[in-house]
Undergrad: 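Here's a structure for you.
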Number of protein chains: 2
Amino acid sequence: MKRAQIPEHLIDVAAALFNRLGYRAAGVDQVIAEAGIAKTTLYRHFKSKEDLIVAVLRRIDEHYRSEMRQAVDSLGLEGKPRLLATFDFLEGWFASEAFYGCPFICAAGEYCERSSAIFQESVMHKRLMVAYFEELARAASFDDPRRIADEINLLHEGATAVAHITGDPGAARKAKSAAARLMED
Amino acid sequence: MKRAQIPEHLIDVAAALFNRLGYRAAGVDQVIAEAGIAKTTLYRHFKSKEDLIVAVLRRIDEHYRSEMRQAVDSLGLEGKPRLLATFDFLEGWFASEAFYGCPFICAAGEYCERSSAIFQESVMHKRLMVAYFEELARAASFDDPRRIADEINLLHEGATAVAHITGDPGAARKAKSAAARLMED
DNA sequence: AATTATATGTACTAACCTGTATCTTTTGTC
DNA sequence: GACAAAAGATACAGGTTAGTACATATAATT
(Lines give C-alpha, C1' and ligand atoms only; values in the text may rest on other atoms or scores of the structure.)
Protein backbone atom coordinates (compact mmCIF):
# COMPACT_ATOMS: atom_id res chain seq x y z
CA MET A 1 0.00 0.00 0.00
CA LYS A 2 1.15 3.50 -0.87
CA ARG A 3 1.95 5.66 2.11
CA ALA A 4 -0.40 8.40 1.05
CA GLN A 5 -3.27 5.94 1.19
CA ILE A 6 -2.64 4.86 4.75
CA PRO A 7 -4.68 7.48 6.60
CA GLU A 8 -7.72 7.00 4.38
CA HIS A 9 -7.44 3.24 4.50
CA LEU A 10 -7.17 3.42 8.26
CA ILE A 11 -10.29 5.54 8.49
CA ASP A 12 -12.22 3.20 6.23
CA VAL A 13 -11.27 0.13 8.19
CA ALA A 14 -11.97 1.84 11.49
CA ALA A 15 -15.34 3.08 10.25
CA ALA A 16 -16.43 -0.42 9.29
CA LEU A 17 -15.22 -1.84 12.58
CA PHE A 18 -16.77 0.82 14.79
CA ASN A 19 -19.98 0.51 12.86
CA ARG A 20 -20.15 -3.24 13.19
CA LEU A 21 -18.92 -3.68 16.76
CA GLY A 22 -19.49 -0.32 18.43
CA TYR A 23 -17.08 2.49 19.15
CA ARG A 24 -15.96 1.38 22.58
CA ALA A 25 -16.17 -2.33 21.85
CA ALA A 26 -13.80 -2.13 18.91
CA GLY A 27 -10.27 -1.58 20.11
CA VAL A 28 -7.36 0.04 18.33
CA ASP A 29 -5.62 -3.33 18.28
CA GLN A 30 -8.43 -4.68 16.15
CA VAL A 31 -8.29 -1.66 13.90
CA ILE A 32 -4.57 -1.99 13.20
CA ALA A 33 -4.84 -5.76 12.77
CA GLU A 34 -7.59 -5.38 10.19
CA ALA A 35 -5.86 -2.47 8.49
CA GLY A 36 -2.57 -4.32 8.45
CA ILE A 37 -0.55 -1.44 9.83
CA ALA A 38 1.53 -0.90 12.96
CA LYS A 39 0.16 0.76 16.05
CA THR A 40 2.91 3.33 15.86
CA THR A 41 1.63 4.36 12.46
CA LEU A 42 -1.90 4.81 13.70
CA TYR A 43 -0.72 7.06 16.49
CA ARG A 44 1.40 9.08 14.11
CA HIS A 45 -1.72 10.02 12.15
CA PHE A 46 -4.18 10.29 15.03
CA LYS A 47 -3.26 11.48 18.47
CA SER A 48 -5.83 9.31 20.21
CA LYS A 49 -8.67 6.87 19.61
CA GLU A 50 -11.11 9.72 20.10
CA ASP A 51 -9.30 11.61 17.38
CA LEU A 52 -9.64 8.63 15.07
CA ILE A 53 -13.35 8.37 15.83
CA VAL A 54 -13.83 12.02 14.97
CA ALA A 55 -12.03 11.47 11.66
CA VAL A 56 -14.22 8.45 11.00
CA LEU A 57 -17.40 10.40 11.67
CA ARG A 58 -16.26 13.27 9.50
CA ARG A 59 -15.62 10.85 6.67
CA ILE A 60 -18.97 9.12 7.10
CA ASP A 61 -20.68 12.50 7.07
CA GLU A 62 -19.04 13.55 3.81
CA HIS A 63 -19.59 10.19 2.22
CA TYR A 64 -23.20 9.89 3.32
CA ARG A 65 -24.23 13.34 2.18
CA SER A 66 -22.47 13.17 -1.15
CA GLU A 67 -23.90 9.72 -1.86
CA MET A 68 -27.37 10.91 -1.01
CA ARG A 69 -27.00 14.00 -3.18
CA GLN A 70 -25.76 11.91 -6.04
CA ALA A 71 -28.55 9.35 -5.70
CA VAL A 72 -31.18 12.09 -5.58
CA ASP A 73 -29.70 14.08 -8.45
CA SER A 74 -29.31 11.07 -10.70
CA LEU A 75 -33.07 10.63 -10.89
CA GLY A 76 -33.59 13.97 -12.56
CA LEU A 77 -36.59 14.84 -10.44
CA GLU A 78 -37.82 18.22 -9.29
CA GLY A 79 -39.96 19.51 -6.42
CA LYS A 80 -41.61 17.10 -4.02
CA PRO A 81 -40.50 13.91 -5.78
CA ARG A 82 -36.96 15.09 -5.28
CA LEU A 83 -37.50 15.30 -1.54
CA LEU A 84 -39.20 11.92 -1.54
CA ALA A 85 -36.28 10.37 -3.36
CA THR A 86 -34.17 10.78 -0.22
CA PHE A 87 -36.22 7.97 1.32
CA ASP A 88 -35.31 5.64 -1.51
CA PHE A 89 -31.70 6.29 -0.73
CA LEU A 90 -32.44 5.45 2.90
CA GLU A 91 -34.03 2.16 1.92
CA GLY A 92 -30.95 1.13 0.00
CA TRP A 93 -28.83 1.86 3.03
CA PHE A 94 -31.13 -0.05 5.39
CA ALA A 95 -31.01 -3.09 3.10
CA SER A 96 -27.22 -3.13 2.94
CA GLU A 97 -25.15 -5.44 5.08
CA ALA A 98 -23.27 -2.53 6.55
CA PHE A 99 -26.34 -1.07 8.22
CA TYR A 100 -26.16 -1.08 12.00
CA GLY A 101 -28.23 2.01 12.71
CA CYS A 102 -27.10 5.59 12.41
CA PRO A 103 -23.37 5.82 13.21
CA PHE A 104 -23.84 9.29 14.67
CA ILE A 105 -26.65 8.31 16.99
CA CYS A 106 -24.61 5.32 18.13
CA ALA A 107 -21.48 7.40 18.65
CA ALA A 108 -23.38 10.09 20.55
CA GLY A 109 -24.92 7.36 22.68
CA GLU A 110 -21.51 6.02 23.63
CA TYR A 111 -19.82 9.37 24.16
CA CYS A 112 -22.64 11.01 26.04
CA GLU A 113 -21.12 14.30 27.04
CA ARG A 114 -22.43 17.04 24.79
CA SER A 115 -19.08 18.78 24.98
CA SER A 116 -17.13 15.84 23.58
CA ALA A 117 -15.75 16.25 20.08
CA ILE A 118 -17.50 13.04 19.08
CA PHE A 119 -20.91 14.23 20.19
CA GLN A 120 -20.34 17.57 18.51
CA GLU A 121 -19.46 15.85 15.26
CA SER A 122 -22.88 14.22 15.38
CA VAL A 123 -24.54 17.54 16.07
CA MET A 124 -22.80 18.99 13.04
CA HIS A 125 -23.82 16.13 10.76
CA LYS A 126 -27.45 16.39 11.75
CA ARG A 127 -27.41 20.13 11.18
CA LEU A 128 -26.05 19.61 7.69
CA MET A 129 -28.72 17.04 6.94
CA VAL A 130 -31.51 19.43 7.91
CA ALA A 131 -29.83 22.13 5.84
CA TYR A 132 -29.89 19.81 2.84
CA PHE A 133 -33.55 19.01 3.33
CA GLU A 134 -34.29 22.71 3.61
CA GLU A 135 -32.42 23.33 0.39
CA LEU A 136 -34.56 20.72 -1.35
CA ALA A 137 -37.74 22.12 0.21
CA ARG A 138 -36.83 25.62 -0.86
CA ALA A 139 -36.22 24.43 -4.41
CA ALA A 140 -39.63 22.79 -4.30
CA SER A 141 -41.16 26.19 -3.50
CA PHE A 142 -42.73 25.26 -0.21
CA ASP A 143 -44.26 28.08 1.82
CA ASP A 144 -42.40 26.96 4.90
CA PRO A 145 -39.26 25.09 3.82
CA ARG A 146 -37.92 25.06 7.38
CA ARG A 147 -40.92 23.19 8.64
CA ILE A 148 -40.87 20.72 5.76
CA ALA A 149 -37.16 20.13 6.33
CA ASP A 150 -37.75 19.46 10.03
CA GLU A 151 -40.50 17.00 9.24
CA ILE A 152 -38.50 15.16 6.60
CA ASN A 153 -35.69 15.01 9.12
CA LEU A 154 -37.95 13.58 11.81
CA LEU A 155 -39.06 10.86 9.42
CA HIS A 156 -35.50 10.09 8.33
CA GLU A 157 -34.37 9.70 11.92
CA GLY A 158 -37.44 7.69 12.80
CA ALA A 159 -37.04 5.37 9.85
CA THR A 160 -33.38 4.84 10.67
CA ALA A 161 -34.10 3.93 14.27
CA VAL A 162 -36.98 1.63 13.33
CA ALA A 163 -35.01 -0.11 10.59
CA HIS A 164 -32.12 -0.55 12.99
CA ILE A 165 -34.18 -2.30 15.62
CA THR A 166 -36.64 -4.22 13.47
CA GLY A 167 -34.18 -4.98 10.69
CA ASP A 168 -36.88 -4.09 8.20
CA PRO A 169 -35.83 -1.73 5.38
CA GLY A 170 -39.53 -1.18 4.70
CA ALA A 171 -39.46 1.51 7.37
CA ALA A 172 -38.08 3.80 4.67
CA ARG A 173 -41.13 3.27 2.46
CA LYS A 174 -43.52 3.92 5.30
CA ALA A 175 -41.67 7.11 6.11
CA LYS A 176 -41.77 8.08 2.46
CA SER A 177 -45.52 7.65 2.26
CA ALA A 178 -45.96 9.69 5.43
CA ALA A 179 -43.70 12.39 4.01
CA ALA A 180 -45.72 12.48 0.80
CA ARG A 181 -48.90 13.13 2.73
CA LEU A 182 -47.26 15.76 4.89
CA MET A 183 -46.24 17.62 1.76
CA GLU A 184 -49.72 17.55 0.27
CA ASP A 185 -51.26 20.36 2.30
CA MET B 1 -31.72 -0.75 53.28
CA LYS B 2 -33.95 -3.79 53.47
CA ARG B 3 -32.63 -6.84 51.69
CA ALA B 4 -35.72 -7.20 49.57
CA GLN B 5 -35.10 -3.73 48.16
CA ILE B 6 -31.57 -4.46 47.04
CA PRO B 7 -32.25 -5.84 43.56
CA GLU B 8 -34.60 -3.00 42.65
CA HIS B 9 -32.30 -0.38 44.07
CA LEU B 10 -29.42 -1.91 42.15
CA ILE B 11 -31.40 -1.79 38.92
CA ASP B 12 -32.39 1.82 39.49
CA VAL B 13 -28.85 2.94 40.18
CA ALA B 14 -27.50 0.96 37.24
CA ALA B 15 -30.17 2.37 34.94
CA ALA B 16 -29.26 5.93 35.82
CA LEU B 17 -25.56 5.23 35.41
CA PHE B 18 -25.84 3.38 32.12
CA ASN B 19 -28.12 6.07 30.81
CA ARG B 20 -25.79 8.90 31.78
CA LEU B 21 -22.43 7.33 30.90
CA GLY B 22 -23.23 4.59 28.42
CA TYR B 23 -23.55 0.86 28.91
CA ARG B 24 -19.94 -0.08 28.25
CA ALA B 25 -18.47 3.08 29.76
CA ALA B 26 -20.13 2.56 33.13
CA GLY B 27 -18.45 -0.29 34.99
CA VAL B 28 -19.83 -2.60 37.61
CA ASP B 29 -17.45 -1.03 40.12
CA GLN B 30 -19.17 2.31 39.61
CA VAL B 31 -22.57 0.70 39.94
CA ILE B 32 -21.78 -0.95 43.26
CA ALA B 33 -20.08 2.18 44.58
CA GLU B 34 -23.11 4.32 43.78
CA ALA B 35 -25.52 1.69 45.04
CA GLY B 36 -23.53 1.20 48.23
CA ILE B 37 -23.47 -2.56 48.01
CA ALA B 38 -20.76 -5.17 47.70
CA LYS B 39 -19.73 -6.67 44.40
CA THR B 40 -20.50 -10.13 45.69
CA THR B 41 -24.07 -9.04 46.25
CA LEU B 42 -24.45 -7.78 42.71
CA TYR B 43 -23.21 -11.06 41.31
CA ARG B 44 -25.55 -13.01 43.55
CA HIS B 45 -28.52 -11.27 41.93
CA PHE B 46 -27.19 -11.01 38.37
CA LYS B 47 -24.95 -13.58 36.82
CA SER B 48 -23.18 -11.03 34.63
CA LYS B 49 -23.12 -7.39 33.60
CA GLU B 50 -25.09 -8.30 30.51
CA ASP B 51 -27.70 -9.86 32.75
CA LEU B 52 -27.87 -6.65 34.77
CA ILE B 53 -28.28 -4.59 31.61
CA VAL B 54 -31.16 -6.79 30.48
CA ALA B 55 -32.84 -6.30 33.86
CA VAL B 56 -32.29 -2.56 33.56
CA LEU B 57 -33.85 -2.44 30.11
CA ARG B 58 -36.78 -4.53 31.22
CA ARG B 59 -37.40 -2.13 34.07
CA ILE B 60 -37.10 0.94 31.86
CA ASP B 61 -39.56 -0.61 29.42
CA GLU B 62 -42.14 -1.25 32.12
CA HIS B 63 -41.64 2.13 33.69
CA TYR B 64 -41.71 4.04 30.41
CA ARG B 65 -44.84 2.40 29.10
CA SER B 66 -46.76 2.67 32.33
CA GLU B 67 -45.79 6.30 32.78
CA MET B 68 -46.86 7.10 29.24
CA ARG B 69 -50.15 5.28 29.69
CA GLN B 70 -50.78 7.11 32.91
CA ALA B 71 -49.92 10.50 31.44
CA VAL B 72 -52.16 9.90 28.45
CA ASP B 73 -55.05 8.50 30.49
CA SER B 74 -54.94 11.31 33.03
CA LEU B 75 -55.99 13.84 30.41
CA GLY B 76 -59.33 12.18 29.81
CA LEU B 77 -59.09 12.52 26.04
CA GLU B 78 -60.50 10.29 23.33
CA GLY B 79 -59.68 9.59 19.70
CA LYS B 80 -56.97 11.53 17.91
CA PRO B 81 -56.15 13.89 20.80
CA ARG B 82 -55.38 10.82 22.84
CA LEU B 83 -52.81 9.72 20.30
CA LEU B 84 -51.40 13.22 20.13
CA ALA B 85 -51.02 13.34 23.90
CA THR B 86 -48.23 10.79 23.65
CA PHE B 87 -46.07 13.54 22.17
CA ASP B 88 -46.65 15.74 25.20
CA PHE B 89 -45.32 12.93 27.33
CA LEU B 90 -42.29 12.78 25.06
CA GLU B 91 -41.64 16.47 25.48
CA GLY B 92 -41.62 16.16 29.23
CA TRP B 93 -39.07 13.39 28.96
CA PHE B 94 -36.88 15.34 26.55
CA ALA B 95 -36.86 18.32 28.89
CA SER B 96 -35.83 16.27 31.91
CA GLU B 97 -32.25 16.11 33.09
CA ALA B 98 -32.22 12.36 32.76
CA PHE B 99 -32.68 12.44 29.01
CA TYR B 100 -29.73 11.09 27.06
CA GLY B 101 -31.57 9.71 24.07
CA CYS B 102 -33.48 6.47 23.90
CA PRO B 103 -31.88 3.90 26.24
CA PHE B 104 -32.87 1.08 23.91
CA ILE B 105 -31.38 2.63 20.81
CA CYS B 106 -28.20 3.35 22.75
CA ALA B 107 -28.04 -0.17 24.16
CA ALA B 108 -28.67 -1.74 20.77
CA GLY B 109 -25.96 0.49 19.35
CA GLU B 110 -23.44 -0.76 21.90
CA TYR B 111 -24.42 -4.42 21.76
CA CYS B 112 -24.75 -4.68 18.02
CA GLU B 113 -25.41 -8.35 17.52
CA ARG B 114 -29.07 -8.92 16.85
CA SER B 115 -28.88 -12.21 18.72
CA SER B 116 -27.70 -10.62 21.97
CA ALA B 117 -30.20 -10.57 24.80
CA ILE B 118 -29.69 -6.82 25.08
CA PHE B 119 -30.54 -6.15 21.46
CA GLN B 120 -33.55 -8.42 21.71
CA GLU B 121 -34.79 -6.55 24.74
CA SER B 122 -34.82 -3.41 22.60
CA VAL B 123 -36.69 -5.19 19.83
CA MET B 124 -39.29 -6.26 22.35
CA HIS B 125 -39.72 -2.78 23.78
CA LYS B 126 -40.21 -1.24 20.36
CA ARG B 127 -42.76 -3.89 19.47
CA LEU B 128 -44.72 -3.12 22.59
CA MET B 129 -44.65 0.59 21.80
CA VAL B 130 -46.10 0.05 18.33
CA ALA B 131 -48.71 -2.24 19.86
CA TYR B 132 -49.69 0.54 22.24
CA PHE B 133 -49.98 3.06 19.42
CA GLU B 134 -52.08 0.60 17.46
CA GLU B 135 -54.34 0.14 20.46
CA LEU B 136 -54.85 3.90 20.63
CA ALA B 137 -55.40 4.13 16.87
CA ARG B 138 -57.94 1.34 17.00
CA ALA B 139 -59.80 3.09 19.81
CA ALA B 140 -59.82 6.23 17.66
CA SER B 141 -61.59 4.26 14.93
CA PHE B 142 -59.01 4.77 12.22
CA ASP B 143 -59.50 2.85 9.00
CA ASP B 144 -55.96 1.59 9.11
CA PRO B 145 -54.78 1.56 12.73
CA ARG B 146 -51.63 -0.39 11.83
CA ARG B 147 -50.49 2.32 9.45
CA ILE B 148 -51.29 5.10 11.90
CA ALA B 149 -49.41 3.25 14.62
CA ASP B 150 -46.37 2.86 12.38
CA GLU B 151 -46.40 6.55 11.53
CA ILE B 152 -46.78 7.66 15.13
CA ASN B 153 -43.93 5.33 15.95
CA LEU B 154 -41.72 6.81 13.21
CA LEU B 155 -42.35 10.27 14.59
CA HIS B 156 -41.68 9.20 18.17
CA GLU B 157 -38.36 7.65 17.19
CA GLY B 158 -37.47 10.62 15.04
CA ALA B 159 -38.30 13.13 17.74
CA THR B 160 -36.26 11.17 20.27
CA ALA B 161 -33.21 11.07 18.05
CA VAL B 162 -33.49 14.74 17.13
CA ALA B 163 -34.02 15.85 20.73
CA HIS B 164 -31.05 13.74 21.78
CA ILE B 165 -28.67 15.34 19.33
CA THR B 166 -29.97 18.91 19.28
CA GLY B 167 -30.92 19.02 22.95
CA ASP B 168 -34.16 20.72 21.93
CA PRO B 169 -37.33 19.28 23.50
CA GLY B 170 -39.29 21.19 20.85
CA ALA B 171 -38.74 18.25 18.53
CA ALA B 172 -41.70 16.64 20.31
CA ARG B 173 -44.01 19.50 19.38
CA LYS B 174 -42.92 19.42 15.75
CA ALA B 175 -43.54 15.70 15.65
CA LYS B 176 -46.93 16.25 17.26
CA SER B 177 -47.97 18.76 14.64
CA ALA B 178 -46.84 16.42 11.87
CA ALA B 179 -48.77 13.58 13.48
CA ALA B 180 -51.87 15.73 13.68
CA ARG B 181 -51.73 16.41 9.96
CA LEU B 182 -51.07 12.76 9.14
CA MET B 183 -54.23 11.83 11.02
CA GLU B 184 -56.39 14.36 9.18
CA ASP B 185 -56.86 12.42 5.97
C1' DA C 1 -31.72 -18.60 70.95
C1' DA C 2 -29.99 -21.30 67.13
C1' DT C 3 -29.71 -21.93 62.39
C1' DT C 4 -29.62 -20.63 57.72
C1' DA C 5 -29.14 -17.50 54.12
C1' DT C 6 -27.34 -13.53 52.50
C1' DA C 7 -24.49 -9.17 52.63
C1' DT C 8 -19.78 -7.15 53.35
C1' DG C 9 -14.91 -6.45 52.64
C1' DT C 10 -10.75 -7.40 50.73
C1' DA C 11 -7.88 -9.34 47.74
C1' DC C 12 -7.08 -11.37 43.66
C1' DT C 13 -7.00 -13.19 38.72
C1' DA C 14 -6.56 -12.82 34.05
C1' DA C 15 -7.66 -10.37 30.34
C1' DC C 16 -8.01 -6.23 28.00
C1' DC C 17 -7.45 -1.31 27.20
C1' DT C 18 -5.00 3.01 25.31
C1' DG C 19 -0.83 4.86 24.51
C1' DT C 20 4.50 4.92 24.34
C1' DA C 21 9.38 3.61 23.81
C1' DT C 22 12.85 1.58 21.07
C1' DC C 23 14.94 -0.23 17.40
C1' DT C 24 15.01 -1.97 12.62
C1' DT C 25 13.46 -1.78 7.96
C1' DT C 26 11.37 0.30 4.19
C1' DT C 27 10.11 4.09 1.31
C1' DG C 28 10.29 8.44 -1.12
C1' DT C 29 13.23 12.45 -2.41
C1' DC C 30 17.23 15.15 -3.56
C1' DG D 1 23.29 6.36 -4.27
C1' DA D 2 22.68 9.16 0.09
C1' DC D 3 19.71 10.99 3.33
C1' DA D 4 15.52 11.86 5.80
C1' DA D 5 11.02 10.63 6.94
C1' DA D 6 7.90 7.34 7.91
C1' DA D 7 6.42 2.41 8.59
C1' DG D 8 7.14 -2.03 10.97
C1' DA D 9 7.83 -5.04 15.01
C1' DT D 10 8.05 -5.89 19.59
C1' DA D 11 7.69 -5.04 24.07
C1' DC D 12 6.01 -2.66 27.67
C1' DA D 13 3.68 0.75 31.04
C1' DG D 14 -0.16 1.89 33.66
C1' DG D 15 -4.73 1.49 34.18
C1' DT D 16 -9.32 -0.63 33.89
C1' DT D 17 -12.31 -4.35 33.21
C1' DA D 18 -15.53 -8.37 34.58
C1' DG D 19 -15.77 -11.81 37.61
C1' DT D 20 -14.23 -14.97 41.74
C1' DA D 21 -12.51 -16.67 46.35
C1' DC D 22 -12.87 -16.50 51.03
C1' DA D 23 -13.46 -15.18 55.55
C1' DT D 24 -16.45 -12.24 58.48
C1' DA D 25 -20.61 -10.03 59.80
C1' DT D 26 -25.55 -9.28 59.65
C1' DA D 27 -29.99 -10.26 58.81
C1' DA D 28 -34.26 -13.27 58.61
C1' DT D 29 -36.49 -17.68 60.01
C1' DT D 30 -37.54 -21.55 62.76
Side-chain angles (χ1 to χ4, degrees), chain A residues 1-57 106-107 109-113 115-119 121, chain B residues 1-57 106-107 109-113 115-119 121:
Chain A
M1 181 180 355
K2 289 275 161 63
R3 279 190 179 176
Q5 299 174 332
I6 286 183
E8 299 241 323
H9 175 61
L10 206 38
I11 291 175
D12 285 342
V13 168
L17 227 47
F18 289 148
N19 193 40
R20 185 156 51 89
L21 305 176
Y23 293 87
R24 295 198 120 105
V28 296
D29 287 330
Q30 277 176 274
V31 172
I32 61 167
E34 187 124 340
I37 61 138
K39 195 184 268 195
T40 328
T41 308
L42 187 154
Y43 280 101
R44 187 186 310 283
H45 292 285
F46 306 97
K47 72 173 207 295
S48 66
K49 182 184 179 181
E50 187 166 333
D51 206 45
L52 173 62
I53 294 175
V54 168
V56 161
L57 292 178
C106 291
E110 293 205 53
Y111 296 84
C112 310
E113 289 170 281
S115 59
S116 94
I118 292 170
F119 198 109
E121 207 57 41
Chain B
M1 182 183 350
K2 290 274 162 64
R3 281 190 176 175
Q5 298 174 332
I6 285 183
E8 300 241 320
H9 174 61
L10 206 38
I11 291 175
D12 285 341
V13 167
L17 228 46
F18 289 147
N19 193 39
R20 185 156 50 88
L21 306 176
Y23 292 86
R24 295 200 121 102
V28 297
D29 287 332
Q30 276 176 278
V31 173
I32 62 168
E34 187 125 338
I37 61 137
K39 193 184 268 195
T40 326
T41 309
L42 188 155
Y43 280 100
R44 187 186 308 283
H45 292 286
F46 306 98
K47 75 174 203 294
S48 67
K49 183 184 179 182
E50 188 167 330
D51 205 45
L52 173 62
I53 294 175
V54 168
V56 161
L57 292 177
C106 291
E110 293 207 53
Y111 296 84
C112 310
E113 290 170 282
S115 60
S116 95
I118 291 170
F119 198 109
E121 207 57 41

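Please read all numbers here as calculations on a predicted model, not as lab measurements. Lettering of chains follows the sequences in order, A, B, ..., and the numbering in each one begins at 1.
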Undergrad: Rounded to the nearest angstrom, tell me the gap between atom CZ in B/Arg24 and atom C1' in D/dA18.
TA: 12 Å

Undergrad: Nearest-Å distance, CZ (B/Phe46) to C1' (D/dT20)?
TA: 18 Å

Undergrad: Nearest whole angstrom, please: distance from the P of C/dT18 to the NZ of A/Lys39.
TA: 7 Å

Undergrad: So, for A/Arg24 and A/Lys49, which heavy atoms are closest and what is the spacing to 0.1 Å?
TA: O-NZ, 3.6 Å

Undergrad: With heavy-atom distances below 4.5 Å as the criterion, would you say the side chains of A/Leu21 and A/Gln30 are in contact?
TA: yes

Undergrad: Measure distances between side-chain N and O atoms of A/Ser48 and base N and O atoms of C/dG19, and say whether any donor-acceptor pair falls under 3.5 Å.
TA: no

Undergrad: Map A/Val28 and B/Ile37 onto DNA chain C by nearest heavy atom, then report which one ends up closer to the 5' terminus.
TA: B/Ile37

Undergrad: Taking 4.0 Å as the cut-off, does a side-chain nitrogen or oxygen of B/His45 come that near to OP1 or OP2 on C/dA7?
TA: yes

Undergrad: Do any side-chain nitrogens or oxygens of B/Thr41 fall under 4.0 Å of OP1 or OP2 in C/dT8?
TA: yes

Undergrad: Tell me, do B/Leu10 and B/Pro7 make a side-chain contact under 4.5 Å, heavy atoms counted?
TA: no

Undergrad: Could you state the CD1-C1' distance from A/Ile32 to C/dC17, rounded to the nearest angstrom?
TA: 12 Å

Undergrad: Judged by each residue's nearest nucleotide on DNA chain D, which is more toward the 5′ side, B/Ala4 or B/Ala25?
TA: B/Ala25

Undergrad: Within the structure provided, determine whether A/Ile118 and A/Tyr23 are in side-chain contact (heavy-atom separation under 4.5 Å).
TA: no

Undergrad: Calculate the interatomic distance between A/Lys2 atom NZ and D/dG8 atom P; express it in whole Å.
TA: 15 Å

Undergrad: Can you measure A/Lys49 atom NZ to C/dG19 atom P for me and round it to whole angstrom units?
TA: 8 Å

Undergrad: Please step through side-chain contact (heavy atoms from CB on, under 4.5 Å) for the pair B/Phe46 and B/Ile11, ending with a clear verdict.
TA: CA-CA 10 Å; B/Phe46 306 98; B/Ile11 291 175; 3.7 Å; yes

Undergrad: Suppose we call a contact any N or O donor and acceptor under 3.5 Å apart; does that hold for the side chain of A/Thr40 and the base of D/dA6?
TA: no

Undergrad: Whole-Å distance between C/dT8 C1' and B/Asp29 CG?
TA: 15 Å

Undergrad: With respect to the phosphate group of D/dA5, does any side-chain polar atom (N or O) of A/Arg3 fall under 4.0 Å of OP1 or OP2?
TA: no

Undergrad: Over how many whole Å does the gap from A/Leu52 atom CG to C/dG19 atom P extend?
TA: 10 Å

